[in-house]
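A note on names: the letters A, B, ... follow the listed sequences, proteins ahead of strands, and every chain is numbered from 1.
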2 protein chains.
Amino acid sequence: MENDELAPHQPTSRRQPLSRDLILRVAIDLMDRQGVQQLTMRQLGQALGVEAMALYHHVNGREDLLEGVVDLLVNEIRIEPGAPTPAPDGWQGLLQWVAHSVRDLAVQHPNIFPLIATRHPAAPWLRPPLRSLRVVDEFLQALVARGFTRAQAARTYRVFTSFLLGHLLLESATLGAETSPVEEPLDEGDADVPNQDEELDLKEFPTLAEFRPLLQAHDTDQEFEQALEALLNRLDLEMSQ
Amino acid sequence: MENDELAPHQPTSRRQPLSRDLILRVAIDLMDRQGVQQLTMRQLGQALGVEAMALYHHVNGREDLLEGVVDLLVNEIRIEPGAPTPAPDGWQGLLQWVAHSVRDLAVQHPNIFPLIATRHPAAPWLRPPLRSLRVVDEFLQALVARGFTRAQAARTYRVFTSFLLGHLLLESATLGAETSPVEEPLDEGDADVPNQDEELDLKEFPTLAEFRPLLQAHDTDQEFEQALEALLNRLDLEMSQ
DNA sequence: ACCTGAACACCGTTCAAGT
DNA sequence: ACCTGAACACCGTTCAAGT
């Protein structure tokens, strides 16, 4: 019943030597399960079979740890597909590929994506979620290689990051709502109405009550594809002017 | 040189009686200046001329405080203009109005907007930044009043919130980067190159170095208007099908 | 070289006690 | 009714000391 129930990443036996990379990966694992705020240096140390203070030899404090986690995850984004899949030869295909690559990241780490979305990048002209130098460099190069002028590529970077951030932050929030426990304030006096999981008083908002089924019933995948399609059309229009 | 330099909201003289609303407003004031993370119950108490423990009579802990701040700010969003300005009679005019209303909020509180963007709403079908029951109710009603079917209104709510979140979170991040101090890790050995404010090593990324001026030079206002325009066109197209 | 023990300066939060 | 003092169980982080 205590809080040491989460299985440590390593069994009690031998442990790997500490390294920044190992620390970051275990941190990601813990954050995926509990959320970012609940991750503690002491808990992270324990999961690695080490005292918390040992982490400071590989990581420059908690802020640096979070920065490292964000950087590691963002750098997993692939701008061009790997060997088996051929590189898309049109810019539309490229943007589709990148969009899905980033979406996979958001869906796999819904509890961490808000951190990626809100941490200040190294420079103000870097925009989450494409906020690592390597990734942005590759992205812009890939667009230029497909015929964009530099001004068009820069503009596309801005429009595209806005699109990804809006859609994926909302999608990850929905996914994260189940995983990440939000402590209930407790006690309401009379626990009379046992309204399922969703305890929400819509008496004052009849319009909203009417709309509720419509608001929850929607196809996330399809809407992402549609919005992406609309974005590509818009860019196509701008390009040809 | 200590940390009690920020002027308390009240002069040392007499102070107003404590209330949830006053507490929230002072909290907002402090968060605007220092960022969310740095706000402490003890510091907030001090700014109100009171011990931290006194806050717990009006606010249900720190989480509830943050929730209250988000709720208060989101409820400042006006769906229809007030008395002097006439209500827009088309849905395009309505969405324009709301978009600017939300944008004002983001620009006035760039340090708090990430909190609004990432906190889990009361229900999974509520989407930041339009995440208060009253605001969403009014929003949907306003759309229906302008001829939308309910399905169209619900869909517009989703598309519109995605749009706002993407654009405004990125805009507020740029604004917040100046206000919110990020502690520098310090010491790099040789402090040889005194490169202005922006200390970033682009040697490995020549493409990026080339692009940098293009990436920072852009008109935020104009791009917001253009993107909004494009969104309205897209919705218009969908409507007429 | 890498990790630990003990300590410091903080947190949020509780609760009995004051007025 | 509302606020305070003192205390509890935590934090992140430091630093001298161990091996």
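- Considering only side-chain atoms of B/Val50, the nucleotide from C/dA6, D/dC3, D/dG12 that sits closest is D/dC3.
- Atom CD1 in A/Ile23 sits roughly 12 Å away from atom C1' in C/dC3 (whole-Å rounding).
- Pair assignment for C/dC10: none, as no Watson-Crick or G-U wobble contacts are both less than 3.5 Å.
- In this structure, of D/dC15, D/dT4, C/dG12, it is D/dT4 that holds the atom nearest to the side chain of B/Ala54.
- The CD-C1' distance, from B/Glu51 to C/dC15, rounds to 15 Å in whole Å.
- Under the side-chain contact (heavy atoms from CB on, under 4.5 Å) test applied with B/Met31, the options B/Ile112, B/Leu44, B/Val26, B/Asn111 reduce to a single match, B/Ile112.
- B/Arg62 places no side-chain N or O within donor-acceptor distance of the main-chain N or O of B/Met41, the cut-off being under 3.5 Å.
- Note on B/Arg25 versus B/Asp21: salt bridge recorded, some NZ/NE/NH1/NH2 to OD/OE distance being below 4.0 Å.
- Nearest-nucleotide positions on DNA chain D for A/Thr40 and B/His57 put B/His57 closer to the 5' end.
- Within the shown strands, nothing qualifies as a pairing partner of D/dC3 under the Watson-Crick or G-U definition with both distances less than 3.5 Å.
- Taking atom CG of residue A/Leu55 and atom C1' of nucleotide C/dC2, one finds them 12 Å apart after rounding to whole Å.
- The aromatic rings of A/Phe163 and A/Phe160 lie parallel to each other, with less than 30° between the two planes, well short of the 60° mark.
- Separating the CE atom of B/Met53 from the C1' atom of C/dC11 is a distance of 11 Å, rounded to the nearest angstrom.
- Whole-Å rounding puts the B/Gln43 CD to C/dT13 P distance at 15 Å.
- Rounding to whole angstrom units, CD of residue A/Gln46 and P of D/dG12 are separated by 13 Å.
- In this structure, A/Arg42 places its CZ atom 11 Å from P of D/dT13, rounding to the nearest Å.
- Side-chain N/O atoms of A/His58 include none lying less than 4.0 angstrom from OP1 or OP2 on C/dC2.
- Electrostatic pairing of A/Arg103 and A/Glu171 counts as a salt bridge here, judged by a charged N lying under 4.0 Å from a carboxylate O.
- Backbone-only contact: B/Met41 has heavy atoms under 4.0 Å from sugar-phosphate atoms and none from a base.
- B/Leu44 has its CG atom 15 Å from the C1' atom of C/dT13, to the nearest Å.
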